[in-house]
Amino acid sequence: MSRNSSPWDQLLFQPPLCEGWKQNVEGAAYHLGNCILLLGYMGGSGIFGSIYIFSLLATGYICYALWGWLNACGLDIFIWNMLLVMACILQLAHLIYRLHKHTFLEEFDLLYKTLCQPLQVPFEVYKEIVKCCEEKVLSLARDQNYAVEGKTPINRLSLLLSGRVRVSQDGQFLHYVFPYQFLDSPEWESLRPSEEGTFQVTLTAETDCSYITWPRRKLYLLLAKDRYIARLFSAFLGYDISEKLYALNDKLFAKFGLRFDIRLPSLHHVLGPASSEAEAEKELYEWEELAVPHRPMPTFVQTAASAPPPPPSAHPKAPRPDSALLASGSLTRSYPCALFKGRAPLAPTQTPEL
């Protein structure tokens with residue numbers, strides 16, 4: 001090897017060798033620092049994972065600084081490790097500031113854990129949703145109306161956080177709205193962004209309630225901007241509307257022993273206000289005919305297990321369900337329009353793809 005060789009050539013081709021190994025080991029601070037650094041690099045992702053990592057890194061570098069000051073007696077070792085400790089502390093301060101800045105009210109934290117966390121919705125996306133409702137929790141006193149039939153415009157979308165709301169039409173009870181259900185999902189889905197309308201039901205708080213609300217125009221802009229949030233709201237609203245429809249269907253089953261399939265848009269021909277008494281009785285009679293045990297059971301009607309139907313010849317005519325139980329106006333004008341909008345009618349023996 002020539003004398004003009006560079007330091008890199010000497011390092012690669014003539015590496016220095018240790019002539020003798022130390023007989024004693026380093027102090028406890030050095031080994032403790034290595035163990036803490038090993039644990040620190042096992043941290044996860046996210047803001048809490050970063051806080052865990054930098055906390056242990058700062059502790060490990062402090063151990064290295066103590067080792068350099070007390071055992072190795074190296075000023076450069078001590079200075080470098082103290083600089084690394086300061087860098088970790090500054091990073092921790094920044095993370096804690098971010099965590100404190102994006103802390104929500106207790107109601108919003110519980111809402112995220114209940115609705116969004118099971119679907120693995122990113123927290124950054126949830127912050128955009130909360131920002132759209134201005135991070136405000138509104139309240140309804142007992143017996144206070146959220147909406148009045150035919151008067152309150154449909155200009156917002158609200159989600160109940162606590163309490164219970166009674167939904168009625170023409171003074172007749174329809175169903176309840178419970179926490180973490182939308183107050184006006186059928187009305188929201190029944191209108192296009194360019195359309196205007198009013199509530200066809202009255203919503204009254206039966207207990208002290210709290211809710212959050214998104215202004216209609218502001219929420220439409222958010223849904224148009226972010227496709228992921230639009231799909232998320234579509235899933236939430238579709239599930240909420242189906243729950244309301246099943247609540248109405250259960251009331252019908254409890255009264256007449258018939259469970260209609262709410263997936264069929266043709267149901268409104270029986271329950272709608274335009275149907276005459278004779279047409280409704282005839283339609284119900286035909287549907288009950290299909291429930292005879294020797295024929296295949298259709299998907300849209302079932303009979304109660306405790307009350308099998310008599311033969312068709314001796315079957316009495318079923319009365320038309322009254323408005324108190326079926327809520328024909330709300331069921332036919334709000335819920336089916338929202339649930340079946342844009343879907344083709346199903347055949348009696350056809351089941352939808354789940």
Side-chain angles (χ1 to χ4, degrees), residues 104-119 121 125-169 171-191 197-220 222-223 229-230 232-251 262 327 330-331 334-335 337-339:
F104 295 122
L105 298 175
E106 182 180 357
E107 292 84 354
F108 288 105
D109 290 335
L110 188 57
L111 175 62
Y112 177 76
K113 294 177 181 177
T114 304
L115 290 184
C116 297
Q117 194 171 24
L119 299 178
V121 177
V125 175
Y126 180 70
K127 287 191 296 185
E128 292 293 327
I129 297 175
V130 173
K131 183 180 178 182
C132 185
C133 69
E134 300 177 354
E135 301 183 24
K136 292 182 180 179
V137 178
L138 307 177
S139 60
L140 279 176
R142 184 175 182 179
D143 297 330
Q144 181 180 355
N145 288 332
Y146 169 82
V148 179
E149 177 183 352
K151 296 181 180 180
T152 305
I154 304 173
N155 56 7
R156 55 182 173 170
L157 177 66
S158 301
L159 180 72
L160 187 65
L161 297 179
S162 64
R164 185 176 65 186
V165 174
R166 175 188 178 94
V167 182
S168 60
Q169 184 185 49
Q172 303 294 338
F173 169 73
L174 300 182
H175 62 85
Y176 285 114
V177 177
F178 297 101
Y180 303 108
Q181 290 183 339
F182 288 96
L183 290 169
D184 39 15
S185 53
E187 287 77 15
W188 174 272
E189 287 292 322
S190 64
L191 294 180
T198 58
F199 279 80
Q200 299 174 9
V201 293
T202 299
L203 290 89
T204 306
E206 283 207 341
T207 61
D208 292 336
C209 303
S210 62
Y211 67 97
I212 58 175
T213 185
W214 293 272
R216 186 183 181 197
R217 178 177 177 81
K218 197 171 182 179
L219 182 56
Y220 271 130
L222 176 63
L223 299 181
I229 297 179
L232 189 65
F233 267 86
S234 178
F236 285 151
L237 291 170
Y239 177 79
D240 189 81
I241 292 173
S242 65
E243 287 292 308
K244 290 179 171 62
L245 283 170
Y246 275 114
L248 294 176
N249 197 31
D250 287 340
K251 293 176 62 179
I262 61 175
S330 175
L331 183 65
S334 295
Y335 293 158
C337 292
L339 187 62

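Bear in mind that the values here come from a model prediction, so they are computed numbers and not experimental data.
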Rounded to the nearest 0.5 Å, how far apart are [atom1] of [X] and [atom2] of [Y]?
X    : Y    : atom1 : atom2 : result
L160 : T213 : CG    : OG1   : 12.0 Å
S185 : Y239 : OG    : OH    : 12.0 Å
L161 : F108 : CG    : CZ    : 7.0 Å
L159 : S210 : CG    : OG    : 9.5 Å
N145 : R166 : CG    : CZ    : 11.5 Å
Q144 : T204 : CD    : OG1   : 9.5 Å

Minimum-distance pair of heavy atoms, taken over all atoms of [X] and [Y]:
X    : Y    : value
C132 : P215 : O-CD, 3.9 Å
L203 : L183 : CD2-O, 3.1 Å
E128 : I229 : CB-CD1, 4.1 Å

Is there a donor-acceptor contact under 3.5 Å from the side chain of [X] to the main chain of [Y]?
X    : Y    : answer
Y112 : V121 : yes
Q169 : Q200 : yes
Y146 : D184 : no
T207 : G163 : no
T152 : V148 : yes
T114 : L111 : no

Check whether any side-chain heavy atom of [X] lies under 4.5 Å from a side-chain heavy atom of [Y], and answer yes or no.
X    : Y    : answer
L191 : R216 : yes
L110 : Y180 : yes
L140 : L138 : no
H175 : V167 : yes
I241 : F182 : no

**Report entry** ring pair (Phe, Tyr, Trp, His ring centres under 6.0 Å) between F233 and W214, worked out
**Finding:** CA-CA 12 Å; F233 267 86; W214 293 272; 5.4 Å; yes
query: Is the shortest distance from a Lys or Arg side-chain nitrogen in D240 or K244 to a carboxylate oxygen in the other one below 4.0 Å?
result: yes
- Test S168 against T202 for side-chain hydrogen bond (donor to acceptor under 3.5 Å, both in side chains), laying out the working first. CA-CA 5 Å; S168 60; T202 299; 4.8 Å; no
Around atom NZ of K131, are there more than 12 heavy atoms of other residues, nucleotides or ligands at under 6.0 Å?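 Atom NZ in K131 is not crowded, with 12 or fewer foreign heavy atoms closer than 6.0 Å.
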- Query: When you look at OH of Y176, are more than 12 heavy atoms from neighbouring residues, nucleotides or ligands closer to it than 6.0 Å?
  - Reply: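 Buried by this count: over 12 neighbours within 6.0 Å.
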